[in-house]
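In what follows, chains are A, B, ... by sequence order, proteins preceding strands, each numbered from 1. Given the structure is predicted, the values throughout are model-derived calculations rather than measurements. What's counted below: heavy atoms across the whole structure, side chains too, no hydrogens, waters or symmetry copies.
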4 protein chains.
Amino acid sequence: MGIQTRQIRDRERRRQQIIAASKRVFTSKGVSRTTIKDIADEAELSPGTLYIYFKNKDELYASLSIRMLKHLQLSLQRVKETKDLSDDQRIDSVKKALLELYEIDPLMLINLSHLQASETLDNISPELYEQILDLSRRSLQTLSEIFAKGIELGSFLKRNPMQLALVLWAMFSGLVLWEESKRSLDTRKDFLKPTLEIAFEIFGRGVKPGEPVSTPAPVRAHFS
Amino acid sequence: MGIQTRQIRDRERRRQQIIAASKRVFTSKGVSRTTIKDIADEAELSPGTLYIYFKNKDELYASLSIRMLKHLQLSLQRVKETKDLSDDQRIDSVKKALLELYEIDPLMLINLSHLQASETLDNISPELYEQILDLSRRSLQTLSEIFAKGIELGSFLKRNPMQLALVLWAMFSGLVLWEESKRSLDTRKDFLKPTLEIAFEIFGRGVKPGEPVSTPAPVRAHFS
Amino acid sequence: MGIQTRQIRDRERRRQQIIAASKRVFTSKGVSRTTIKDIADEAELSPGTLYIYFKNKDELYASLSIRMLKHLQLSLQRVKETKDLSDDQRIDSVKKALLELYEIDPLMLINLSHLQASETLDNISPELYEQILDLSRRSLQTLSEIFAKGIELGSFLKRNPMQLALVLWAMFSGLVLWEESKRSLDTRKDFLKPTLEIAFEIFGRGVKPGEPVSTPAPVRAHFS
Amino acid sequence: MGIQTRQIRDRERRRQQIIAASKRVFTSKGVSRTTIKDIADEAELSPGTLYIYFKNKDELYASLSIRMLKHLQLSLQRVKETKDLSDDQRIDSVKKALLELYEIDPLMLINLSHLQASETLDNISPELYEQILDLSRRSLQTLSEIFAKGIELGSFLKRNPMQLALVLWAMFSGLVLWEESKRSLDTRKDFLKPTLEIAFEIFGRGVKPGEPVSTPAPVRAHFS
DNA sequence: GATGAATGAGCGTTCATTCAT
DNA sequence: AATGAATGAACGCTCATTCAT
């Protein structure tokens with residue numbers, strides 16, 4: 001391994017060090033109350049150093065999401081390309097992909113959701129902005145394609161697949177964001193994971209075509 | 001009506017004047033880019049005056065949600081108390097209540113969602129904090145009770161009703177927050193309302209008990 | 001005098017207070033080493049207050065020159081419009097106008113010269129920039145018109161009058177700037193005023209038409 | 001040539017390399033907007049290396065003027081020492097020396113003027129400071145001696161020769177500084193050189209003794 | 001109660017300078 | 001000698017909040 005290789009590796013290591021520190025501080029202080037100095041202190045670096053690795057505060061913040069979006073995109077792509085899955089299995093795989101995302105790094109996921117839902121994408125460099133946009137688009141697109149295939153096969157409701165994708169994502173990120181504020185609202189701890197399970201169950205059931213058996217028809221039959 | 005009564009009414013009127021101005025400014029400039037001075041200008045008052053009616057910026061910000069939460073709580077209460085509704089009709093009423101919330105003031109709803117999902121509830125006065133907490137809790141509680149009744153009647157899946165309530169709220173607020181960022185992600189405009197419709201359709205279908213008739217053939221065989 | 005009048009007067013007074021403090025600090029620390037905090041301290045105000053009266057540092061700096069430029073423009077205009085002055089008297093009036101400028105506020109004049117000679121006109125508001133530009137242009141223009149009239153009357157050398165104006169101004173501001181650095185170069189103090197006198201004398205003599213009688217006269221006499 | 005000699009020569013070569021790079025960057029970005037990193041990049045060196053050859057930024061900046069001042073001093077010395085020049089020719093030689101200075105490196109001359117007129121001579125090493133001081137003094141001194149000789153011979157006005165020297169230098173540097181800002185004031189381009197010509201013409205005429213023949217009639221009457 | 005000028009802590013960011021390699 | 005990552009003091013500037021009028 002040459003000198004250059006080591007330098008590149010060191011550089012990447014430093015970036016990760018800063019990113020790790022950012023996560024910790026964002027977690028403990030909240031994103032908007034975190035200052036560059038806080039992160040620098042946590043990373044045991046000087047404020048100036050952060051600007052060697054990140055153009056500005058927004059860009060550092062946005063960088064946190066890139067990895068996660070890449071991971072998501074890859075997972076969904078894999079789900080889409082796997083052959084011989086039943087519809088139930090495919091939905092289940094999507095659920096697993098998203099739950100995994102949450103388990104790997106719940107705080108990052110909250111950041112990602114915030115990023116999408118808020119006004120941070122402002123001072124960001126065009127390149128990074130485009131990258132985030134593209135990754136978001138592609139994940140949704142892949143999810144949408146999974147639904148499109150299911151619809152073709154008659155195993156999903158005939159609805160705009162992109163809208164189905166959005167509904168699923170909204171359900172997921174809505175719950176994740178809720179989790180963040182649950183302390184304030186003193187719901188029990190670790191309510192999230194079981195609730196996500198239920199959310200997916202309901203979505204899975206709801207997206208299947210055909211009249212659910214719940215409705216009176218059979219019941220009346222019973223009485224007749 | 002005594003002098004005191006009028007003073008109280010005047011005071012409340014002023015508060016509403018400020019709240020209305022805040023909404024307009026938040027709408028046009030975005031929440032995080034709005035300063036106290038902006039709001040004061042819009043309300044044709046001085047910054048100092050705002051501090052007579054609101055303890056600080058966070059408290060003003062939080063007040064915006066109070067009305068909406070009250071409205072929501074009332075609507076849900078009404079849905080819960082209405083007699084002689086089929087399950088489908090009851091879910092439909094909840095849908096209507098939430099859609100109405102969105103239609104009355106989409107931006108305020110985004111604010112509300114932000115408020116819950118983020119870091120504003122910090123400098124707030126204990127009283128206001130308790131009020132928001134209580135209203136949120138009560139809305140969810142009411143929603144949860146609606147589901148509990150349905151579960152009792154066997155018309156909803158036997159799941160923790162609070163979790164069902166959370167799933168529905170997450171789906172709703174997740175989509176609303178998405179709406180805010182959709183311009184960046186170049187989804188078509190006014191994608192939200194039809195998507196909300198689909199979201200409710202899926203939730204409604206998914207929450208019903210019984211094996212969905214996804215694979216029609218055997219099911220029919222069963223009935224024949 | 002109404003309340004409004006007093007407020008306007010107070011506001012102007014505050015501006016002058018800041019300007020006066022700026023001058024003092026610029027003088028003692030040098031322009032580029034003066035910080036907003038320095039000026040605020042000197043004016044016994046807080047840094048924030050300066051930004052109520054001046055958009056930014058550059059604008060405060062530029063404002064220092066406006067008055068002086070206005071004064072200059074007025075003086076030159078008066079010189080130009082005065083009737084029945086001999087050429088010598090007119091040049092003398094210009095000299096007096098410039099010397100007066102120096103005597104009223106030598107430091108301000110140095111600032112003005114710096115402003116023109118350097119890179120400060122950068123963050124300035126377009127309006128202020130245009131004002132400075134316009135005032136500079138008009139002063140030079142007036143000076144140039146004075147020369148043009150003299151040339152027409154045959155009492156000045158037939159040279160581009162704008163160039164004559166520039167030469168005079170350069171001589172003047174060059175000496176003023178020199179003055180600032182004279183401490184470093186340990187020339188005697190108060191060398192400037194007598195040197196300015198000589199400068200004007202030489203300019204006045206040099207700008208007159210006709211072969212100076214210095215050497216030629218006797219020589220030609222010799223040949224006749 | 002010994003090793004030491006070569007080392008010294010190499011060292012000097014490196015210095016010149018840095019100086020040359022500085023000039024290029026100052027030219028393209030303007031002095032105040034140039035950072036050490038800019039210069040290092042242009043010189044294809046690292047910032048640290050610059051500090052091996054120059055004590056600090058001010059010292060590097062000041063070094064730029066040394067060459068020019070040396071050149072000026074030499075030229076003026078030559079003018080002074082040349083025998084058998086008429087007064088007109090001697091003034092003309094001074095003019096040529098200064099114009100040459102401008103033509104060799106107009107931007108460096110602006111720097112020099114700035115340096116003298118402003119606040120850079122501060123963090124400079126005592127040695128360098130003394131050197132600049134000495135060179136400036138000597139150039140002015142030489143110029144002054146040229147005038148002194150002319151005065152003795154009766155071909156120049158009997159004025160303090162150092163003041164005459166200052167007036168000439170002020171005129172020159174005033175015009176050079178003006179050039180820098182002329183774009184803003186939309187004077188025609190390349191106005192400088194012809195204006196410098198006129199400046200010298202006027203100075204040359206003005207510095208000659210005797211009553212100028214400005215108002216021909218009475219003067220001739222006098223001689224008849 | 002209403003004002004709005006004044007405050008000043010605190011922010012993100014820059015960049016001359018240092019120093020371990 | 002050369003490097004360039006790291007430093008951290010210092011900057012200009014903002015804005016929620018206060019308080020004399």
Between [atom1] on residue [X] and [atom2] on residue [Y], distance to nearest 0.5 Å:
X         : Y         : atom1 : atom2 : result
Ile39(D)  : Phe54(D)  : CD1   : CZ    : 9.0 Å
Ser22(C)  : Glu42(C)  : OG    : CD    : 9.0 Å
Leu69(D)  : Leu133(D) : CG    : CG    : 10.5 Å
Ile52(B)  : Ile18(B)  : CD1   : CD1   : 8.5 Å
Ile132(B) : Glu59(B)  : CD1   : CD    : 8.5 Å
Ser46(B)  : Asp41(B)  : OG    : CG    : 10.0 Å

Map Asn56(B) and Asn56(C) onto DNA chain F by nearest heavy atom, then report which one ends up closer to the 5' terminus.
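Between the two, 5'-proximity favours Asn56(C).
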Between Arg14(A) and Asp10(A), does at least one N-O distance fall below 4.0 Å, as a salt bridge requires?
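No.
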Separation of [N] [atom2] from [X] [atom1] (nearest whole Å):
X         : N       : atom1 : atom2 : answer
Arg33(B)  : dC15(F) : CZ    : P     : 11 Å
Tyr51(D)  : dA2(F)  : OH    : P     : 16 Å
Ile124(B) : dA16(F) : CD1   : P     : 16 Å
Tyr61(C)  : dC11(F) : OH    : P     : 17 Å
Glu59(C)  : dG12(F) : CD    : C1'   : 14 Å
Arg15(D)  : dA1(F)  : CZ    : C1'   : 16 Å
Lys29(B)  : dC15(F) : NZ    : C1'   : 12 Å

Base, sugar-phosphate or nothing for Ile36(C)? Non-hydrogen atoms, less than 4.0 Å.
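Answer is sugar-phosphate: Ile36(C) comes under 4.0 Å of backbone atoms only.
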At 4.0 Å (heavy atoms only), tell me whether Asp10(A) reaches a base, stays on the sugar-phosphate, or touches nothing.
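Since no nucleic acid heavy atom lies under 4.0 Å of Asp10(A), the category is nothing.
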Please list, in 5' to 3' order, the outermost nucleotides of DNA chain E lying under 4.0 Å from any heavy atom of chain D.
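That gives a stretch of dC15(E) to dT18(E).
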Within the 3.5 Å criterion, strictly below it, is a donor on Gln16(D) or Arg11(D) matched to an acceptor on the partner's side chain?
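Their side chains do not contain a donor-acceptor pair, so the 3.5 Å distance test is not met.
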Does either side chain, that of Gln131(B) or that of Glu127(B), offer a donor lying less than 3.5 Å from an acceptor on the other one?
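On atom types as modelled, these side chains do not qualify, holding no pair under 3.5 Å.
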State whether [X] places a side-chain N or O below 4.0 Å from either non-bridging phosphate oxygen (OP1 or OP2) of [N].
X        : N      : answer
Tyr53(D) : dA2(F) : yes
Arg11(A) : dG4(F) : no
Arg14(D) : dA1(F) : no

For Asp38(B), the option from Lys29(B), Lys57(B), Arg24(B) that meets salt bridge (Lys or Arg N to Asp or Glu O under 4.0 Å):
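Answer after filtering Lys29(B), Lys57(B), Arg24(B): Lys29(B).
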Quick one, which residues of residues 37-49 of chain A touch DNA chain F with a heavy atom under 4.0 Å?
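DNA chain F contact set from residues 37-49 of chain A: Leu45(A), Ser46(A), Gly48(A), Thr49(A).
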Which heavy atom of Ile124(C) sits nearest to which heavy atom of Asp58(C), and what is that distance?
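It is CG1-O, 4.0 Å.
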Over all atoms of both residues, closest heavy-atom pair of Ile19(C) and Leu64(C):
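Between these two residues, the closest heavy atoms are CG2-CD2, 3.5 Å.
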Base-pairing string, 5' to 3', of DNA chain F - Watson-Crick or wobble, under 3.5 Å, | interstrand:
.||||||||||||||||||||
